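Down below is the structure, laid out as structure tokens.
Atoms within each ligand, like the ligands themselves, are counted from 1 in listed order. Computed from heavy atoms alone, side chains included, the values below leave out hydrogens, waters and symmetry copies. Note that the numbering runs from 1 along the sequence shown for the chain. It should be emphasised that the depicted structure is a prediction, and the values quoted were computed from it without experimental measurement.
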Amino acid sequence: MSKGKILVAGGTGYIGSHTVVDLIENGFEVVSADNYHNSKASVLDGIEAITGVRVVNHTIDLADPVATAQLFEKHAFDGAIHFAAYKSVGESVDRPLEYYRNNLNSLLNVIDGLRKQKKSNLVFSSSCSVYGNADELPVTEATPRKEAESPYARTKQMGEDILYDFCGRYPDFAAVLLRYFNPAGAHPSGKIGEDAANPASNLVPVITEVGAGKREKLTVFGDDYDTRDGSCVRDYIHVADLAHAHTLALEYLMSGKQTENPALFNLGIGEGLTVLEAIHAFERVSGKSLNYEIGPRRPGDVVAVYADRSKATEVLGWKPRFGVDDIMRTAWNWEEKR
Ligand code: WQD
């Protein structure tokens, strides 16, 4: 008997696929919906290799209201996790309308479908980018959101606002907002990892591609920021730790213990690392020296952001297991295999 049937919207994506594994390992039945915009069907083989379960993925565009409604008519879900969104800060500056159309419509359609189910438990993939250039560090869940630095960040602020308004109107629609910091690394088994259908733009996969000779060099986007070595500071969190936080968030929703709706949690490990320090961590773990140069700042970047994650530990019982060396080791192991 499973703990419940969960829709993972964006289930073949990077964080989605690792969360599917964690949900199955914790007794849930999982259905995925993903149009492979930034993922590959082959990840289902990796999930099966780890869990022994062949997860079904419905290849639909969740921004399509008809297809999404039909999905919810087919299944009785006990909850849903909504990952399906475009997520590149830089790309969103370049193509804002695609980001608003996709990220907002897919969320609205999932809310519509879930509200018609017997139980409405939604975990929403938000982001630390909603804090903008915060006045205080580390940021807590009470740190005021500031002006978004990119359309991507603004779609996450709007997604949160949509859920605050909707849960206020329909209190029995229970939601959790998870503000991710910088997800990185790969599953310890080496059978799944970041395998985007589009060229990587995030720091860690770019590092491992350069390390593997698949990319000529890494450009550090600016070393003239007001930080300890001039490059930007981020809070890198292992994707397996992040995945498990979703399982805990879902169990929290289904337990009825929720005291705020939506409930909001930061998911970072609470350590700030600069871009240059991340590069050196890779070099230390891989034994390779990385070919990088210093280039101009990237529009949309915040200078520094890292988390106070005590609330997720206290309320959800979340205890991240991995640090930056594990991130680099698993990311490098995955890069060499794929
Ligand atoms: C990190 C740092 C870059 C590439 C991510 C996700 C976003 C959200 C927030 C979850 C920045 C620098 C990068 C390169 C570089 N997470 N960099 N050269 O922008 O913090 O956003 O975290 O929701 O979805 O994308 O991540 O990895 O792109 O950049 O110097 O080739 O690395 O300038 O300082 P970012 P990132």
Side chain, backbone, both or neither: Lys156 near ligand 1, heavy atoms under 4.0 Å: neither
Ligand 1 versus Asn202: contacting region, heavy-atom distance under 4.0 Å: both
Whether Tyr86 lies under 4.0 Å from ligand 1, heavy atom: no
Contacts of type side-chain hydrogen bond (donor to acceptor under 3.5 Å, both in side chains), residue Arg329, not counting sequence neighbours: Asp326
Residues forming a salt bridge (charged side-chain N to carboxylate O under 4.0 Å, His left out) with Glu149, sequence neighbours excluded: none
Per-atom contacts, ligand 1 versus Cys232 - under 4.0 Å to a heavy atom: 34 (O)
For atom 2 (C) of ligand 1, the option (of Phe221, Phe83, Tyr152, Tyr236) bearing the nearest heavy atom: Tyr236
Residue Val220 vicinity, atoms of ligand 1 by number, heavy atom under 4.0 Å: 30 (O)
Pair Asn266-Tyr180, side-chain donor/acceptor within less than 3.5 Å: no
Numbered atoms and elements of ligand 1 in range of Leu218, under 4.0 angstrom, heavy atoms: 14 (C), 18 (N), 31 (O)
Location of contacts on Val89 toward ligand 1, heavy atoms closer than 4.0 Å: side chain
Region of Tyr292 engaging ligand 1 - heavy atom pairs below 4.0 Å: neither
Part of Ser201 with heavy atoms under 4.0 Å of ligand 1, whether side chain, backbone, both or neither: backbone
Val275 neighbourhood, listing ligand 1 atoms whose heavy-atom distance to it stays under 4.0 Å: 2 (C), 12 (C), 30 (O), 32 (O), 34 (O)
Under-4.0 Å heavy-atom contact with ligand 1, by part of Phe181 that carries it: backbone
Reference residue Arg234; test side-chain contact (heavy atoms from CB on, under 4.5 Å); the match among Leu203, Val275, Val302: Val302
Numbered atoms of ligand 1 (with element) below 4.0 Å of Ser127, judged on heavy atoms: 8 (C), 9 (C), 23 (O)
Asn182 neighbourhood, listing ligand 1 atoms whose heavy-atom distance to it stays under 4.0 Å: 1 (C), 5 (C), 20 (O), 22 (O), 26 (O), 35 (P)
Part of Arg298 within contact of ligand 1 (heavy atoms, under 4.0 Å): side chain
